[in-house]
Amino acid sequence: MKTNFIPIDYDYFDLNGRNFVRIIGRDESGKRICVVDEYNPNFWAILKDGLSEKKIKSLVEKIKKIEVESGGRKSKVEKVEIHDKNFLGKKVKALKIFVTNHKDMHAVADKLKIKEIEKRREYDIPLISKYIIEKNVDPLVWHEVIGDYIGSGEFGGIADVLKVDVCIKANKISKAKEQKEFNPRILAYDIEANELELGKGKVLMISLYGKNFSKVLTWKYDGKKQDFVEYFKDEAEMLEKFVEYVHEYSPDILVGYFSDGFDLPYLQSAAARNKIKLSLGLDQKPPTFTHGRISSGKISGIVHIDLFRFIKTVYAQYLQSETLGLGEVAAELCGEKKLEFDFAKIGKMNGSDWKKFFEYNLMDAKITYKLAEKIWPDMLEFTRIIKEPLFGISRDSMSSHVENYLLHNLNRFNEIAEKRPTHDEIRRRRSLGKYEGAFVLQPTPGLYENLVMFDFSSMYASVIVTYNLSLSTFLGEGKDEKGNKTLKFSKKKGFFPELLEEIIYLRRKYKEEYKKDKNPLTKARSNAYKLLANTAYGYQGFFGARYYCREAAMATSAFAKKNILEVIEKIKKEGYEIVYSDTDSIAFLRKNRSKEEVLNFLKKLNKSLPGIMELDLEDFYKRGLFVSKRTTEAGAKKKYALISENGKLKVRGFETVRRDWCNLARNLQKKVLEKILREGNEKSALKIVKEVIKKIKTRQVNKEDLIIKTQLKKPIEEYLSQGPHVIAAKKMEMRGLPISVGMLVEYFVGETNKKGGRIRDKVFLPDENVPYEIDYYLNNQILPAVENIFEVFNIKLKDIINGYSQKKLFT
DNA sequence: TCCCTACCGTGATG
DNA sequence: GTACATCACGGTAGGGA
């Protein structure tokens with residue numbers, strides 16, 4: 001038989017000691033399909049230079065005899081092939097060694113620590129990745145499969161157990177001629193429990209939301225029944241119905257928010273307590289959880305996605321949200337609002353409280369669904385570009401994404417993959433310490449007019465490409481004419497810079513396409529390449545990378561610095577005044593020159609840049625404000641505010657954009673900056689400050705504007721320094737409130753009977769009925785937020801706050 | 001108890 | 001352990017006067 005299908009989930013199983021890949025997908029009519037494919041596990045043995053053919057032949061014969069046995073399974077070397085390959089850009093002779101079972105490759109590799117073999121590689125690459133690389137069965141891409149139906153009892157009875165429409169043993173899989181659109185069936189879920197801690201409480205309700213599908217399941221009968229809720233006799237019955245509904249809906253993707261850390265393990269433990277099986281998998285098996293710092297919940301045949309994890313690694317840097325909670329993220333990305341619910345009520349709820357609770361729970365499932373739909377294009381594009389299955393794509397770190405992209409493209413260079421670093425190697429790399437990073441120019445404080453900002457596009461990536469900086473092109477240390485130490489890199493293009501050049505090229509191409517045709521897919525594609533390009537530099541400096549090269553990372557930042565300093569000199573020579581520069585951007589004064597002149601100059605500059613380095617116009621700005629540091633006269637770096645010609649504000653580094661300052665200070669600072677930038681002077685801004693000072697002194701400020709939020713970054717007992725937020729967290733713990741690493745701790749500074757003293761002795765939780773301390777908010781929040789801004793205009797705000805220089809107020 | 005400084009810790013920039 | 005270095009700044013810890 002022959003059919004088109006799209007691979008969604010990958011797994012493998014053993015039969016008679018051999019590995020078979022099991023792909024779950026859909027065919028073009030939407031039927032769920034299982035494709036079983038053969039895979040012959042293999043790894044590489046790179047031979048020592050200059051072995052004679054005779055020697056190699058006898059070595060091959062020796063290797064062919066290797067057998068290992070572990071856990072009742074026997075594996076042997078099935079086949080050995082001799083290949084001409086590249087390793088880190090160098091030509092090598094290598095043996096491709098096929099082993100019966102993937103799990104025994106380590107054991108076989110261990111037996112090859114012999115003098116003729118220089119290195120053993122690729123036994124540490126997961127089977128599914130190797131399979132995709134070798135057989136080109138790429139995830140979320142349409143394929144044509146030719147094969148035979150799997151009958152009852154065949155392949156370990158796979159067709160009897162799996163809840164799929166068709167089961168096929170593949171004979172040949174190739175790319176489909178036509179790439180149709182693919183819309184996965186997404187089902188979102190969310191649970192509520194009476195205790196947050198795993199294993200402690202019970203699951204009170206479960207909500208499900210999908211296309212034309214909306215359910216709330218519960219076993220709580222308090223008050224009158226709601227017509228949108230399904231009631232069950234107990235928790236166990238509810239859990240069983242949940243499993244049934246999941247199978248009925250038949251999702252490709254089951255999605256939750258923080259569900260790796262909460263919902264799925266909670267359901268699993270509730271099922272265990274009730275002595276039932278949470279048989280969510282297409283093979284009727286319960287979810288499994290990978291070990292690791294954060295465990296990942298895997299459901300066989302259905303891709304379980306914890307949206308929070310994908311958003312955290314891939315999306316977070318582009319979000320304005322101060323936390324990555326479902327409410328804030330969904331509000332920003334899809335304009336969906338969470339409902340309100342007072343969790344303090346749990347335990348003493350009446351009928352209408354329950355109704356609210358059910359609605360709240362369902363709304364969470366609904367906005368999770370909407371969010372999943374919204375970011376589906378990004379997950380799809382990431383999957384197609386990196387070629388790893390969706391399950392990993394939605395959870396992997398950025399370094400893994402870069403690395404997987406490399407691994408899936410090495411074949412084009414006939415390259416054997418480098419191994420993962422060992423623990424010892426990681427320790428060594430980490431012990432090397434920091435190397436010199438970017439250049440930041442110290443600005444002179446002041447209010448400037450008519451600024452121009454240039455910036456390099458994907459600067460570090462284009463430096464890597466331009467100067468060919470990578471592990472495989474690193475030649476070692478050398479000396480320049482003056483005898484200074486240098487790092488040498490070969491002229492011959494390495495695969496890393498070459499792939500990166502392609503990424504940059506594709507990024508530019510898809511960015512243009514997006515400009516012409518603004519749709520979520522072209523945007524997601526362009527964005528994925530941008531992220532890869534931006535992370536490539538960090539990857540080479542990352543201690544856990546296969547292609548770690550500290551020298552390449554050092555050289556990248558050094559060449560970047562050299563280039564930007566040269567451009568700064570050229571801009572100065574042209575007669576402009578430089579105001580600021582950080583890493584890849586330069587701000588300078590246009591003075592009386594026209595924009596055309598500036599743009600022509602930019603063109604001229606670009607012609608002088610090496611390789612693929614490219615300088616862009618970031619924008620023209622009407623005004624810009626730079627302030628001094630708090631304690632010295634020197635200009636502060638990474639702290640400025642600009643207003644563009646169409647009136648848009650760009651605020652960087654100021655307290656306005658820092659979430660660990662109270663809203664009163666942040667909002668006031670923002671208003672002050674805006675007034676000054678719009679009006680070109682400080683007059684009306686000063687008025688606003690005075691009003692706020694008065695409000696504080698007369699206790700007219702709402703407490704919510706005084707709350708300070710700080711993240712708890714580690715368990716409280718690990719803190720050496722008892723800062724205010726640690727004290728607040730301790731207070732919460734004493735009261736039995738849930739605290740966890742990563743949460744935002746909220747507190748305010750209140751009045752106590754002692755004057756002065758430590759802040760931490762005056763920390764109160766938001767609900768404590770204590771008046772706020774006027775002096776603290778004046779001197780530690782408002783003053784520091786605006787003092788330096790007014791100093792630019794020679795106004796001493798300290799005197800005004802303390803009421804010394806009343807005369808000055810009215811000048 | 002006051003004052004100074006080193007260090008801790010968070011969260012920003014690019 | 002989960003891309004990099006650079007920077008600002010509040011607040012505590014801890015020693016000396």
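Just so it is clear, the structure is predicted and the values come from calculations on it, not from any experiment. All chains are named by letter (A, B, ...) in the order of the sequence lines, taking the proteins before the strands, and each is independently numbered beginning at 1. Basis for what follows: all heavy atoms, side chains included, without hydrogens, waters or symmetry-related copies.
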### Message
Side chain of A:Asp582 only, heavy atoms from C-beta on: which candidate in B:dG9, C:dG11, B:dT13 is closest?
### Response
B:dT13
### Task
Would you indicate, yes or no, if C:dT6 has its OP1 or OP2 atom less than 4.0 angstrom from a side-chain nitrogen or oxygen of A:Lys434?
no
### Summary
Between A:Tyr537 and A:Phe439, whichever has its closest DNA chain C nucleotide further toward 5' is A:Tyr537
### Task
Consider the side chain of A:Tyr435, meaning its heavy atoms from C-beta on, and name the nucleotide among B:dT10, C:dA8, C:dA5 that approaches it most closely.
C:dA5
### Query
Closer than 4.0 Å, any side-chain N/O of A:Ser399 to the OP1 or OP2 of C:dA3?
yes
### Query
Checking all strands, does A:Gly437 fall into the base, sugar-phosphate, or nothing category for heavy-atom contacts under 4.0 angstrom?
sugar-phosphate
### Message
Looking at A:Lys730 and A:Glu733, is any side-chain nitrogen of the basic one under 4.0 Å from a carboxylate oxygen of the acidic one?
### Response
no
### Task
May I ask you to decide whether A:Lys703 forms a salt bridge with A:Glu768, counting only side-chain N to carboxylate O separations under 4.0 Å?
no
### B:dG14 phosphate, OP1 or OP2, under 4.0 Å from A:Tyr640 side-chain N/O
yes
### Query
Given C:dG1, B:dT13, B:dC8, which nucleotide is nearest the side-chain atoms of A:Phe542?
C:dG1
### Task
Look at the side chain of A:Leu720 and decide which nucleotide, out of B:dA12, B:dC8, B:dT13, has an atom nearest to it.
B:dC8
### Query
Any side-chain N or O of A:Lys713 under 4.0 Å from OP1/OP2 of B:dT10?
no
### Query
Closest to the A:Phe543 side chain: C:dA8, B:dG9, C:dG1?
C:dG1
### Phosphate OP1/OP2 of C:dG10: any A:Tyr776 side-chain N/O under 4.0 Å
no
### Query
Would you call the rings of A:Tyr777 and A:Tyr772 parallel, tilted or perpendicular if under 30° counts as parallel and over 60° as perpendicular?
perpendicular
### Summary
Closest to the side chain of A:Thr710, out of B:dT10, B:dC8, C:dT6, is B:dT10
### Task
Taking only the side-chain nitrogens and oxygens of A:Arg652, find out if one of them lies under 4.0 Å from OP1 or OP2 of B:dG14.
yes
### Message
Does B:dG14 have its OP1 or OP2 closer than 4.0 Å to a side-chain nitrogen or oxygen of A:Asn534?
### Response
no
### Query
Are any of A:Lys637's side-chain N or O atoms less than 4.0 Å away from OP1 or OP2 of C:dC7?
yes
### Task
Under 4.0 Å between any heavy atoms, over every strand shown, what does A:Ala438 touch: base, sugar-phosphate, or nothing? Just pick one.
sugar-phosphate
### Task
Identify whether any heavy atom of A:Tyr719 sits under 4.0 Å from a base atom; if not, whether one sits that close to sugar-phosphate; answer base, sugar-phosphate or nothing.
sugar-phosphate
### Message
With a 4.0 Å cutoff (strictly under), does any side-chain N or O of A:Arg760 reach OP1 or OP2 of C:dA13?
### Response
yes
### Task
Please state whether the phosphate of B:dG9, meaning OP1 or OP2, lies under 4.0 angstrom from any side-chain nitrogen or oxygen of A:Lys714.
yes
### Query
Parallel, tilted or perpendicular: which describes the rings of A:Phe308 and A:Tyr257, with under 30° parallel and over 60° perpendicular?
perpendicular
### Query
Does the side chain of A:His725 get closer than 4.0 angstrom to OP1 or OP2 of B:dG9 through an N or O atom?
no
## Note on the structure
Side-chain atoms of A:Arg630 come closest, of C:dG10, C:dC7, C:dT12, to C:dG10
### Task
May I ask you to say what A:Glu436 touches in the nucleic acid, namely base, sugar-phosphate or nothing, with a heavy-atom cut-off under 4.0 Å?
sugar-phosphate
### A:Glu655 and its side chain to side chain donor-acceptor pair (under 3.5 Å) partner, picked from A:Gln669, A:Lys670, A:Arg666
A:Gln669
### Task
State whether the side chain of A:Tyr747 and the backbone N or O of A:Ile727 hold a donor-acceptor pair below 3.5 Å, judged by distance alone.
no
### Query
How is A:Arg658 classified with respect to the nucleic acid when contacts are heavy atoms under 4.0 Å: base, sugar-phosphate, or nothing?
base
### Message
Using the side-chain heavy atoms of A:Gln711, tell me which of these nucleotides is nearest: B:dT10, C:dG10, C:dC7.
### Response
B:dT10
### Task
Report which part of the nucleic acid A:Asn780 touches: base, sugar-phosphate, or nothing (heavy-atom distance under 4.0 Å, all strands).
sugar-phosphate
### Query
Going by an N to O cut-off under 4.0 Å, is there a salt bridge joining A:Arg420 and A:Glu425?
no
#### Entry: Residue A:Asp584, side-chain atoms from C-beta onward, closest of B:dG14, B:dG11, C:dA8
B:dG14
#### Entry: Selected nucleotide, minimal atom distance to A:Ala636 side chain, candidates C:dG11, B:dT10, C:dA8
C:dA8
